[in-house]
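Everything below concerns the one structure shown next.
Computed from heavy atoms alone, side chains included, the values below leave out hydrogens, waters and symmetry copies.
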Amino acid sequence: MNVRYALACRIFTLIALSLLSLVVGNAAIKLTPHRVSLASGRWFNLNLPENFEITPAVEGLKRVRFMAKSPDNRIFVTDMYDLSDNRKGVVY
């Protein structure tokens, strides 16, 4: 499996899980498959609530480690240079 593809799957899964945490109450949630298409032509399905929509915002990041949302709703993502040195990484 391509590393970028696997990373994209993990990122979308994290986003999907965070969206699911927004659902209030203990009502049963009906999950349906949502197709996520990447620029490379690859695709995968995520099971999300039927009224949700998901669209890739960024592709091609290499070693994403953390994501955070700022008070003004911007998303910050850290990208490591390599496993031996975190100081050369980038924040998007």
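- A donor-acceptor distance shorter than 3.5 angstrom exists from the side chain of Glu59 to the backbone of Ala39, with no hydrogens or angles considered.
- Between the Thr78 side chain and the Phe66 main chain, a donor and an acceptor come within less than 3.5 Å of each other.
- Taking every heavy atom of both residues into account, Pro56 and Ser37 meet most closely at CG-O, 3.5 Å.
- If you take CG on Asn47 and CD on Glu50, they are separated by 12.0 Å, rounding to the nearest 0.5 Å.
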task: Kindly determine whether Thr32 and Phe52 satisfy side-chain contact (heavy atoms from CB on, under 4.5 Å), including the steps that lead there.
output: CA-CA 9 Å; Thr32 59; Phe52 277 43; over 6 Å; no

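- If you take NE2 on His34 and OG1 on Thr55, they are separated by 10.0 Å, rounding to the nearest 0.5 Å.
- In this structure, the side-chain contact (heavy atoms from CB on, under 4.5 Å) partners of Asn45, at least two apart in sequence or on a different chain, are Pro33, Arg35, Trp43.
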message: Using side-chain contact (heavy atoms from CB on, under 4.5 Å), reason through Val91 and Val77 one step at a time and then give a plain yes or no.
response: CA-CA 6 Å; Val91 175; Val77 178; over 6 Å; no

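- Asn51 meets the side-chain contact (heavy atoms from CB on, under 4.5 Å) test with Pro49; sequence neighbours excluded.
- Taken from CG in Asp79 to CZ in Arg63, the straight-line distance is 9.0 Å, to the nearest 0.5 Å.
- Applying the side-chain contact (heavy atoms from CB on, under 4.5 Å) criterion to Ser70, with sequence neighbours excluded, gives Asp72, Arg74, Phe76.
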